[in-house]
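I have placed the structure first, in the form of structure tokens, so that the comments after it can refer back to it.
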Number of protein chains: 2
Amino acid sequence: MSSCDLCVVRNRAICSALDAKELEALNAIGRTRTIAPGESLIWEGEDSVLVANVIDGVLKLSTNTEDGREQIVGVVYPSDFIGRPFGGTTGHGVTALTDAKVCVFSRRDFDAFAREHPALEHKLLERTLGELDRTRRWMLLLGRKSASEKLASFLLEMAERLVGQGCSFDFEMPNQKRVTLPFSRQQIADVLGLTIETVSRQFTRLKNEGIIDLPSRRDVTILDLAALTAEAG
Amino acid sequence: MSSCDLCVVRNRAICSALDAKELEALNAIGRTRTIAPGESLIWEGEDSVLVANVIDGVLKLSTNTEDGREQIVGVVYPSDFIGRPFGGTTGHGVTALTDAKVCVFSRRDFDAFAREHPALEHKLLERTLGELDRTRRWMLLLGRKSASEKLASFLLEMAERLVGQGCSFDFEMPNQKRVTLPFSRQQIADVLGLTIETVSRQFTRLKNEGIIDLPSRRDVTILDLAALTAEAG
DNA sequence: CGTTAAGTTGATAGGTTTCAACATACGTGG
DNA sequence: CCACGTATGTTGAAACCTATCAACTTAACG
């Protein structure tokens with residue numbers, strides 16, 4: 001029995017394109033790996049040597065300027081695909097934000113396997129097109145939104161993406177959502193293109209206005225979803 | 001003889017994955033269309049009804065906030081692919097910046113054709129992965145770079161992408177490149193997440209420092225490539 | 001040649017960053 | 001289990017960069 005049968009993302013990751021026999025072949029060239037928070041799987045600028053599926057946890061994709069400024073260019077969750085198949089160098093590092101488990105393949109092996117399995121490539125294409133859509137939407141935020149709009153948009157996206165990921169709890173209260181963020185304040189700043197101080201100020205402002213509550217540093221309760229949506233611009 | 005045989009992007013667009021017979025079948029479901037500057041092919045928010053290949057010209061992909069701020073999220077050139085295959089709604093409008101010629105397909109027809117031709121889907125996947133890389137690199141610019149760094153980066157990218165596109169001329173001078181921009185000042189501002197005034201000021205500053213020359217509003221000559229690269233951060 | 005759109009320049013205001021001090025949470029070892 | 005030291009986050013004041021508003025200039029087109 002291939003270990004994929006037990007995989008929790010079996011039906012959501014690109015692997016869902018494969019039947020049992022194909023899956024066994026894919027499993028043969030992959031291996032699972034755990035990553036601790038802060039640990040990197042891929043470094044910016046190195047040529048693409050491996051790709052992976054996220055099984056559990058949250059990871060960031062980030063680039064840096066020469067003088068050390070950082071921009072998080074993507075965040076990946078369970079069932080998402082990591083890495084750059086089909087040549088080229090990796091434009092961004094991949095680092096775990098939480099304890100994470102990934103299913104790793106050598107890029108060469110994966111490339112060869114993918115080219116022989118069009119259904120897998122199709123899943124990967126759909127996933128990549130979706131990721132491109134999401135990334136472009138984020139550009140509007142980075143280029144045109146104010147700090148308050150940025151944080152509100154961020155919290156709304158978090159509330160949406162973390163539901164059912166084990167990182168959030170839905171209270172029975174209508175319009176109330178409690179989310180445990182997988183990000184530090186600095187990381188939120190790096191996602192939004194702001195400084196940590198500005199992020200902090202916006203958090204306390206939203207709290208003072210009764211739109212959110214902050215039970216702890218990593219937890220946010222959305223008290224007034226409509227107001228938060230209005231803030232998002 | 002299929003009209004694709006005469007197509008100038010035949011060997012660069014995703015069509016290059018197809019043999020003569022397949023190409024004829026693809027040609028049967030597509031048609032060419034010309035677009036005037038400022039005219040749109042796709043509107044933001046509508047569900048995806050068509051896709052296309054760019055044959056000639058330059059087009060922008062853009063999104064707007066409710067209150068009218070615009071962000072250009074991508075720029076496409078000859079041989080690039082436009083649109084969102086495999087369902088979903090279009091997250092951004094597509095508008096011609098110059099006179100443009102495109103090869104248009106109904107999305108439904110294209111989807112069906114693509115699913116039967118894995119080689120075509122593979123080309124599309126490679127193109128989409130490349131576009132995602134480019135888009136993520138642009139996020140660093142939007143989120144973390146200053147106005148001067150933004151404009152310098154923009155000019156360098158233009159110098160690179162417009163070479164051999166009929167929009168630029170290489171003088172024999174080493175390190176000197178003359179580029180005819182397909183953008184107005186406002187459009188440059190919308191690419192960089194700035195205002196038109198800030199863009200204008202940065203242009204004149206670079207000119208006063210002898211790094212570039214501005215023969216006309218649409219033309220830029222890069223006089224000192226090294227200095228411009230340094231400005232780009 | 002006049003009209004209009006596009007771009008430039010200047011003065012001012014505003015938002016975000018920067019620098020600094022302080023507060024709070026976290027982990028480790030006594 | 002508490003104390004301490006460190007990392008993380010918050011708050012304040014000032015500086016800086018970019019946006020805004022307004023006037024002016026230049027180029028494009030009939």
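Chain naming here is simple, since letters A, B, ... match the order of the sequence lines and numbering starts at 1 in each. Values below: all heavy atoms of this structure, side chains included; hydrogens, waters and symmetry mates excluded.
Among the nucleotides D:dT18, D:dA19, C:dT17, the one closest to any side-chain atom of B:Gln202 is D:dT18.
Remark: P of C:dT18 and CZ of A:Arg69 are 9 Å apart, rounded to the nearest angstrom. Counting to the nearest Å, the P atom of D:dA22 and the CD atom of B:Glu197 are 12 Å from each other. In this structure, A:Arg185 atom CZ and C:dA25 atom C1' are separated by 12 Å, rounded to whole Å. Atom CG of B:Asp190 is separated from atom C1' of D:dA19 by 14 Å (rounded to the nearest Å). Rounded to an integer number of Å, the gap from A:Ile196 CD1 to C:dT16 C1' is 15 Å. If you measure from atom CZ of A:Arg201 to atom P of D:dA14, you get 13 Å, rounded to the nearest angstrom. When rounded to the nearest whole Å, the span between CG of B:Leu214 and C1' of D:dT25 equals 15 Å. If you take CG of B:Asp219 and P of D:dA28, they are 10 Å apart, rounded to a whole angstrom.
If you check every strand for non-hydrogen atoms under 4.0 Å, A:Thr204 touches sugar and phosphate atoms only. Within 4.0 Å of A:Ser184, counting heavy atoms only, lie sugar-phosphate atoms of the nucleic acid but no base atom.
A:Thr180 and A:Asp219 form a side-chain donor-acceptor contact under 3.5 Å, judged by distance and modelled atom types alone. Under the 3.5 Å distance criterion, with hydrogens and angles disregarded, a donor-acceptor pair is assigned to the side chains of B:Thr95 and B:Ser40. Using modelled atom types, one finds a donor on one side chain and an acceptor on the other under 3.5 Å when comparing B:Ser153 with B:Lys145.
Within the structure, every side-chain polar atom (N or O) of A:Thr198 is placed at least 4.0 Å from both OP1 and OP2 of C:dT16.
With B:Tyr77 as the aromatic partner, B:Arg161 does not meet the cation-pi criteria of under 6.0 angstrom to the ring centre and within 45 degrees of the ring axis.
Side-chain atoms of A:Arg217 and base atoms of C:dT24 include a donor and an acceptor less than 3.5 Å apart.
Under the 30°/60° scheme for interplanar angles, the aromatic rings of B:Phe81 and B:Phe110 are found to be tilted.
Residues A:Arg144 and A:Gln186 both approach DNA chain D. Their nearest nucleotides, taken by heavy-atom distance, put A:Gln186 toward the 5′ side.
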